[in-house]
Undergrad: 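Dropping a structure here in structure tokens format, bear with me for questions.
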Amino acid sequence: MHKIHHLNCVEILAPTGDRAIGNCTVLQLKDKLILLDAGIGLQDNTIETSRFTPSLIQAIGLKLDPNLAAINQFKNKGLDPNCVTDIVVTHLDCDHISGLVDFPKARVHLSQEEYQNYLSDNPRYIRALTSHNPTLIQYQPSTCIWNGLEVRKVAIEGVEIYLTPLFGHTLGHCGVIYYADAQWWFYIGDAYYIREELSNALHPVHELTTVRADDNTLRLESLKRIKQFISDYPEVNVYGYHDYSEFLLRK
């Protein structure tokens, strides 16, 4: 049985006044560790060494703290960072991939569409965050369907794990579906910032998610898909990256 750890690797005071975090999930297998998104790494959690500009830090509302870096939290939990063999990323925004450099030997799994978006002139990305040249494994569209969702099987031995398109926030943003602890989990990344987006169309966070979306029409379609999925498959554990209340339920 695989053990699951949930680490808060980001602290944000959002423009809406809400607290946002970064829930990096760790799957502990017998012989390795798999990380779902990498949070903000050690280098970027100190203002003097950060690859983020001061204006970006202020605009996002980031609270930098080296103790939040996944590599430090691994050590505090008695986990060996050298055992991280693979990192599955929902997308390539800075608060999801800054920590990749702390695990330089890990293979990075992502959708083909996201990497193409990353290579474009899209100003949302910080290309320096992959300057250590990690091994990137890209996944193309698939004809495989799981519970009504297109799924792309991730090439990691010893665990069932899939990428599923939830485009909109970025043009290649994906959720991650995995089986661990005798149940299915659906990690939706930034498809919503807080779960209340699914039920409250008037919440002010919609203004932020709309502005941050590469394609807001696709974002709304992804939200609708998640909402329907939760209704149809209540036995699957669905959670996002930024919602602190969801994190408290699983930490």
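Just so we're clear, the structure is a prediction, and the values are computed from it rather than from any experiment. Below, each value reflects all heavy atoms present in this structure, side chains not excepted, and no hydrogens, waters or symmetry copies.
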Undergrad: Suppose clustering is done on Ile, Leu, Val, Met, Phe, Trp and Tyr with side-chain heavy atoms closer than 4.5 Å. Which residues sit in the same group as Leu220?
TA: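 Leu220 clusters with Trp146, Leu149, Val151, Tyr162, Leu166, Ile177, Tyr179, Trp184, Phe186, Ile188, Tyr192, Leu198, Leu223, Ile226, Phe229, Ile230, Tyr233, Val236, Val238.
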Undergrad: Go through it in stages, so that I can follow the logic: the residues are Tyr187 and His6, the test is ring-ring contact (aromatic ring centres under 6.0 Å, His included), and I'd like the CA-CA distance, side-chain angles, deciding distance and then a yes or no.
TA: CA-CA 12 Å; Tyr187 164 51; His6 292 276; 8.8 Å; no
Undergrad: Which distance, rounded to the nearest 0.5 Å, do you find between the CD1 of Ile156 and the CD1 of Ile34?
TA: 4.5 Å
Undergrad: Consider only side-chain N and O atoms of Gln183 and Asn237, and report whether a donor and an acceptor are under 3.5 Å apart.
TA: yes
Undergrad: Take Asn147 and Asp232 through the side-chain contact (heavy atoms from CB on, under 4.5 Å) test and state the conclusion after the steps.
TA: CA-CA 9 Å; Asn147 288 352; Asp232 292 344; over 6 Å; no
Undergrad: Answer yes if the side chains of Asn117 and His91 hold a donor-acceptor pair under 3.5 Å, and no otherwise.
TA: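 Per modelled atom types, Asn117 and His91 side chains form no pair under 3.5 Å.
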Undergrad: When you group the ILVMFWY residues by side-chain heavy-atom contacts below 4.5 Å and let the links chain together, are Leu29 and Phe74 in the same group?
TA: yes
Undergrad: Any link between Leu36 and Tyr244 through a network of hydrophobic side chains (Ile, Leu, Val, Met, Phe, Trp, Tyr) touching at under 4.5 Å?
TA: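 Unlinked, Leu36 and Tyr244 end up in two clusters.
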Undergrad: Any chance the side chains of Arg124 and Thr170 put a donor and an acceptor closer than 3.5 Å?
TA: no
Undergrad: When Leu33 is tested against each of Leu79, Ile87, Asp86 for side chain to side chain contact (heavy atoms under 4.5 Å, CB included), which residue passes?
TA: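 Single side chain to side chain contact (heavy atoms under 4.5 Å, CB included) partner of Leu33 among Leu79, Ile87, Asp86: Leu79.
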Undergrad: Show which residues join Val211 in its hydrophobic cluster (side-chain heavy-atom contacts under 4.5 Å, direct or indirect), or state none.
TA: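 Once heavy-atom contacts under 4.5 Å are chained together, Val211 still belongs with nothing else.
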Undergrad: Aromatic contact between Tyr178 and His2, with the criterion being ring centroids under 6.0 Å apart: yes or no?
TA: no
Undergrad: Could you check whether any side-chain N or O of His206 sits under 3.5 Å from a backbone N or O of Asn200, counting only pairs where one atom can act as donor and the other as acceptor?
TA: yes
Undergrad: Check the side chains of Tyr241 and Asp95 for a donor-acceptor pair under 3.5 angstrom, ignoring hydrogens and angles.
TA: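 Their side chains do not contain a donor-acceptor pair, so the 3.5 Å distance test is not met.
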Undergrad: Can Leu68 be reached from Ile12 by stepping across I, L, V, M, F, W or Y side chains whose heavy atoms are under 4.5 Å apart?
TA: no
Undergrad: Would you kindly check if the NZ (Lys) or CZ (Arg) of Arg152 is within the cone defined by 45 degrees around the ring axis of Tyr139 and under 6.0 Å from the six-membered ring centre?
TA: no
Undergrad: Here's one to test your reading of the geometry: is the NZ or CZ of Arg127 within 45 degrees of the ring axis of Tyr118 and under 6.0 Å from its centre?
TA: yes
Undergrad: For the backbone of Asp65 and the side chain of Asn45, can you confirm whether one donor and one acceptor N or O come within less than 3.5 Å of each other?
TA: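 At least one qualifying donor-acceptor pair exists.
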Undergrad: Which atom names give the shortest non-hydrogen contact between Asp44 and Ser98, and what distance separates them?
TA: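 Minimum heavy-atom separation between Asp44 and Ser98: OD2-OG, 2.6 Å.
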Undergrad: Just verifying a value: how many Å separate His132 NE2 and Thr130 OG1, rounded to the nearest 0.5 Å?
TA: 7.0 Å
Undergrad: Let's go through Leu171 and Glu113 carefully: what are the C-alpha distance in whole Å and the side-chain angles of both, what is the deciding distance for side-chain contact (heavy atoms from CB on, under 4.5 Å) to 0.1 Å, and is it a yes or a no?
TA: CA-CA 7 Å; Leu171 297 182; Glu113 295 93 336; 5.8 Å; no
Undergrad: Would you say that more than 12 heavy atoms from the other residues, nucleotides or ligands in this model lie under 6.0 Å from the NZ of Lys153, or not?
TA: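 Count over threshold, so yes.
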Undergrad: Got a second to check how far His173's NE2 is from Leu92's CG, nearest 0.5 Å?
TA: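 Interatomic distance, His173 NE2 to Leu92 CG, rounded to 0.5 Å: 10.5 Å.
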Undergrad: When hydrophobic residues are tied together by side-chain contacts of less than 4.5 Å, even through go-betweens, does Leu248 share a cluster with Ile4?
TA: no
Undergrad: Where do Arg19 and Glu11 land on the salt bridge (Lys or Arg N to Asp or Glu O under 4.0 Å) test, with the steps shown first?
TA: CA-CA 7 Å; Arg19 178 187 181 185; Glu11 276 287 344; 2.3 Å; yes
Undergrad: Please confirm whether the backbone N or O of Gly189 pairs with a side-chain atom of Asp37, one donor and one acceptor, at under 3.5 Å?
TA: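 Between the backbone of Gly189 and the side chain of Asp37 there is no qualifying donor-acceptor contact (under 3.5 Å).
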Undergrad: Can a donor-acceptor pair be found, under 3.5 Å and without considering hydrogens, that links the side chain of His242 to the backbone of Ile21?
TA: yes
Undergrad: Sub-3.5 Å donor-acceptor pair from the side chain of Gln112 to the main-chain atoms of Gln140, do we have one?
TA: no
Undergrad: Measuring from atom OG1 of Thr135 to atom CZ of Arg107, what distance do you get when rounded to the nearest 0.5 angstrom?
TA: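 So the OG1 of Thr135 and the CZ of Arg107 are separated by 8.5 Å.
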Undergrad: Could you go step by step and tell me if His96 and Asp190 meet the side-chain contact (heavy atoms from CB on, under 4.5 Å) rule?
TA: CA-CA 10 Å; His96 291 253; Asp190 281 9; 3.0 Å; yes
Undergrad: Indicate yes or no for a side-chain donor-acceptor contact from Arg225 to the backbone of Pro165 under 3.5 Å, with no hydrogens or angles considered.
TA: yes
Undergrad: Okay, side chain of Asp102, backbone of Leu42: is any donor-acceptor separation there less than 3.5 Å?
TA: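 At least one qualifying donor-acceptor pair exists.
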Undergrad: According to a 4.5 Å side-chain heavy-atom criterion applied to Ile, Leu, Val, Met, Phe, Trp and Tyr, with indirect links allowed, do Leu62 and Ile126 form part of one hydrophobic cluster?
TA: yes
